[in-house]
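What's counted below: heavy atoms across the whole structure, side chains too, no hydrogens, waters or symmetry copies. Every chain is numbered from 1, with letters handed out A, B, ... down the list of sequences.
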Amino acid sequence: MSQKIITANNLGDGLVVFLDASGGWTTEIAESRIIGTGELDEALAYAKAQHDAQIVVEPYEIDVELHPDAGIPVPLRLRERIRAAKGPTVAYGEAELAERAALPTAASASR
Amino acid sequence: MYRYDEFDHDFVQARVAQFRDQVERRVGGELTEDQFKPLRLQNGVYLQLHAYMLRIAVPYGTLNGRQMRRLADIARRYDRGYGHFTTRQNLQFNWPKLSDIPDILSELAEVEMHAIQTSGNCIRNVTADHFAGAAADEVDDPRPYAEILRQWSSLHPEFLFLPRKFKVAVTGADRDRAAIQVHDIGLQLKRDAAGRIGFAVYVGGGQGRTPMVAKKIRDFLPEEDLLSYCEAILRVYNLSGRRDNKYKARIKILVHETGAEEITRQVEEEWERIKDGVLRLPAEEVERIRAYFALPADLAPRAADPSLAASRAADPDFDAFVARNTHPHRVPGHVSVTVSLKAIGGTPGDATADQMDAVAAIAERFGHDEIRVSHEQNLILPHVAETDLRAVYDGLVAAELATANAGFITDIIACPGLDYCALANARSIPVAQRISQRFGDIARQREIGDLKIKISGCINACGHHHVGHIGILGVEKKGEEFYQISLGGSGDENAAIGEIIGRGFSTEEIVDAVETLVDTYLAHRSRPEESFLDTYRRLGQAPFKEALYGAA
């Protein structure tokens with residue numbers, strides 16, 4: 001059964017954040033607060049107040065499943081899994097160059 | 001290239017100061033997101049999936065080494081060491097902090113760059129043929145006119161709150177390399193029987209969820225009337241374009257719903273009223289602007305380089321590069337070089353800071369300090385002497401920028417997709433990378449020939465899938481990524497919108513489906529010279545459909 005957590009982007013650096021149990025915001029989805037049954041309205045109201053207080057931008061709830069072993073929330077939608085992973089699913093910048101160099105076809109195909 | 005005058009400098013500096021104040025008030029809690037959003041968009045700042053994104057205008061895709069070095073420097077100091085060149089000939093940084101953006105803009109202003117009107121419902125950065133001022137087949141250089149349009153449209157008070165965004169493209173050759181027929185206004189430079197310069201004017205093209213090829217509303221507009229005619233078009237659109245529905249607000253919908261004839265009548269009527277007013281272009285002002293874009297003084301005709309043939313014969317990789325990534329130049333002994341940002345398995349359009357620096361250095365040393373960004377997400381060195389080709393190539397190889405695939409199947413346009421974009425429904429980049437790897441063998445690419453694959457991660461079509469010979473549109477279906485294929489699109493002078501071939505394909509299936517289409521083309525082409533697009537136009541969907549889905 002899916003559960004809910006609250007996410008937003010940080011106002012200052014735009015990074016993806018999740019509401020944690022202390023009412024703060026964390027970039028680690030593992031530290032996010034699982035919203036209990038009947039608590040969603042209260043949690044969203046709190047998050048909206050944090051938006052109004054210029055701490056985060058446009059919070060909303062997402063559906064997650066708890067990882068069977070680690071107990072870490074895993075978003076159901078790919079979009080949210082990509083957000084939670086803190087970056088694209090592909091290597092970028094210098095890391096992309098390094099990854100390409102390691103490809104078996106790279107030597108012949110890069111020219 | 002164009003250099004800022006005192007007015008330009010003051011204007012851009014004032015804008016930076018204004019935005020700095022706005023950012024401070026936002027971070028300080030005085031401005032709400034609702035208040036701030038339209039302000040940040042007017043300065044090219046988006047909030048994407050992972051972070052803020054800053055889109056920087058590269059006017060008509062032209063920049064010099066100093067500007068490129070500045071972009072590299074900003075990438076290193078304020079971002080994560082890379083940038084993304086876009087189909088609008090712009091550059092996007094994916095990770096800037098909001099509070100750093102005023103400093104970034106200030107540093108850009110020092111090298112005559114900005115992010116003004118790269119977003120919002122205004123006239124966006126004017127784009128042009130990336131071989132402008134260099135191509136052998138050019139009627140005339142489109143950039144002076146693009147610059148005149150830029151000056152007219154920058155902070156034009158009447159056109160800052162249009163029904164929707166507005167994109168203008170200019171080409172200077174019959175061969176359309178600027179995709180003018182899928183722009184809100186497309187201008188094709190031409191000469192009349194008396195040799196005078198003017199423009200064929202196209203209106204109402206565009207992609208997105210309702211793709212349209214533009215209608216030609218005037219066959220020859222005299223040069224002096226460029227601004228008054230564009231103003232008349234914008235005025236008709238601003239008055240009558242729909243504001244009730246975001247998805248029907250572009251001028252293409254107005255042209256479609258009103259009819260090209262009636263729109264033409266309205267434009268001509270308004271134009272008659274204003275054509276002899278302040279917007280008539282003075283010939284001396286055109287000449288003044290044109291002087292900025294003169295060919296480099298030391299770019300003189302050169303005799304053919306006999307050592308080039310020997311060098312090509314001795315090195316098949318170099319030969320492949322010269323054959324594919326050079327374009328005929330109007331001055332003998334020179335070429336324009338395509339610097340591919342489409343490494344096999346790479347992210348289309350991405351360049352690291354070191355690569356930007358390398359291109360700047362090569363341009364300064366061998367390319368008369370000129371660089372272009374192409375709408376196909378590559379970089380161009382427009383003026384390279386054939387005698388310097390080997391050195392340019394060696395420099396590009398060292399920077400991992402020498403992929404010899406311009407116009408080949410691996411020269412793929414892809415939008416950032418769900419890996420970065422808040423609007424996307426599916427990823428584009430990994431699909432582009434897997435197709436690129438599948439067809440990475442250069443001999444195979446050569447066998448296939450010209451083939452444009454374009455991939456968008458949502459219906460907004462930033463990846464130009466509607467005009468791909470093979471277009472791929474990512475959609476979300478029951479929580480999974482699916483990819484819809486369209487065939488036969490083209491963004492050149494014979495522009496066409498691709499037709500959807502059938503049901504979509506899963507992430508696992510999509511690369512095989514593309515390979516099936518390519519194999520079908522190879523089996524059916526009448527001769528090796530018949531391109532994929534020509535074969536498709538001759539045969540229609542049937543053989544491709546059958547190959548993908550089996551006999552009906």
Side-chain angles (χ1 to χ4, degrees), chain A residues 2 7-17 27 29 47-60 62-65 74-111, chain B residues 26-33 47-53 75 79-82 84 94-100 317-318 320-321 343-347 350 352-355 397 400 402-404 410 416-420 422 424-427 429-430 433 436-437 440-442 476 479-481:
Chain A
S2 76
T7 184
N9 288 77
N10 239 342
L11 170 61
D13 54 20
L15 296 184
V16 174
V17 288
T27 56
I29 194 169
K48 173 73 170 52
Q50 293 274 293
H51 168 98
D52 292 342
Q54 324 299 359
I55 293 164
V56 295
V57 182
E58 289 171 2
Y60 57 97
I62 58 172
D63 292 314
V64 295
E65 270 181 344
V74 179
L76 298 191
R77 286 189 69 196
L78 175 62
R79 178 186 200 273
E80 297 305 331
R81 289 200 296 277
I82 292 174
R83 286 180 78 247
K86 302 180 187 178
T89 62
V90 293
Y92 56 80
E94 292 294 339
E96 186 202 307
L97 262 57
E99 191 179 280
R100 276 211 314 275
L103 281 176
T105 54
S108 60
S110 68
R111 279 178 269 216
Chain B
R26 172 68 181 130
V27 175
E30 280 178 63
L31 291 179
T32 67
E33 178 63 10
L47 183 53
Q48 291 288 33
L49 275 193
H50 306 289
Y52 290 101
M53 180 269 276
D79 208 90
R80 296 190 180 179
Y82 72 111
H84 178 72
N94 292 308
W95 306 95
K97 289 187 180 68
L98 181 58
S99 49
D100 283 340
D317 288 340
F318 177 54
F321 179 84
I344 302 305
T347 299
D350 272 16
T352 66
D354 287 352
Q355 288 178 322
V397 168
E400 297 185 53
T403 313
T410 60
L418 192 57
D419 280 298
Y420 290 96
N425 299 120
R427 287 173 292 168
I429 296 168
Q433 292 178 333
S436 171
Q437 284 166 10
D441 176 56
I442 190 69
E476 185 183 357
E480 299 286 323
E481 293 166 297

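- Between chain A and the residues Ala51(B), Ala320(B), Gly28(B), the most heavy-atom pairs under 4.5 angstrom are made by Ala51(B).
- Heavy-atom pairs under 4.5 Å with chain A peak, among Arg26(B), Lys97(B), Gln433(B), Glu400(B), at Arg26(B).
- Looking at Glu58(A), the atoms closer than 4.5 Å to chain B (heavy atoms on both sides) all sit in the side chain, from C-beta outward.
- Both the backbone and the side chain of Leu49(B) come within contact range of chain A, with heavy atoms under 4.5 Å apart.
- A donor-acceptor pair shorter than 3.5 Å can be found between the side chains of Thr347(B) and Glu96(A).
- Within the model, atoms NZ of Lys86(A) and CG of Leu15(A) stand 9.0 Å from one another, a figure rounded to the nearest 0.5 Å.
- Of the two parts of Asp52(A), neither the backbone nor the side chain holds a non-hydrogen atom closer than 4.5 Å to a non-hydrogen atom of chain B.
- The backbone N or O of Leu76(A) lies less than 3.5 Å from a partner atom in the side chain of Arg81(A), making a donor-acceptor pair.
- When side chains are defined from C-beta on, Arg427(B) counts as touching Ile82(A), because their heavy atoms get closer than 4.5 Å.
- Both the backbone and the side chain of Ala422(B) come within less than 4.5 Å of a heavy atom of chain A.
- Within the 4.5 angstrom heavy-atom criterion, no atom of Ala53(A) approaches chain B.
- Of all the listed residues (Gly346(B), Pro430(B), Ala343(B)), the one sharing the greatest number of non-hydrogen pairs under 4.5 Å with chain A is Gly346(B).
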Audit row: Tyr52(B), Val57(A), side chain to side chain contact (heavy atoms under 4.5 Å, CB included) steps and yes/no: CA-CA 11 Å; Tyr52(B) 290 101; Val57(A) 182; 4.2 Å; yes

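- For the side chain to side chain contact (heavy atoms under 4.5 Å, CB included) test with Val56(A), the passing option among Val17(A), Asn9(A), Thr7(A) is Val17(A); the others fail.
- When heavy atoms are compared at a cutoff of 4.5 Å, Pro416(B) does not approach chain A at all.
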Check against salt bridge (charged side-chain N to carboxylate O under 4.0 Å, His left out), Arg80(B) and Glu94(A): CA-CA 9 Å; Arg80(B) 296 190 180 179; Glu94(A) 292 294 339; over 6 Å; no

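- Using modelled atom types and a 3.5 Å distance limit, the side chains of Tyr420(B) and Trp95(B) yield no donor-acceptor pair.
- Using a 4.5 Å cut-off between heavy atoms, Arg77(A) contacts chain B through its side chain alone, with no backbone atom that close.
- Between chain A and the options Leu47(B), Val27(B), Thr32(B), the largest number of non-hydrogen pairs under 4.5 Å is found for Leu47(B).
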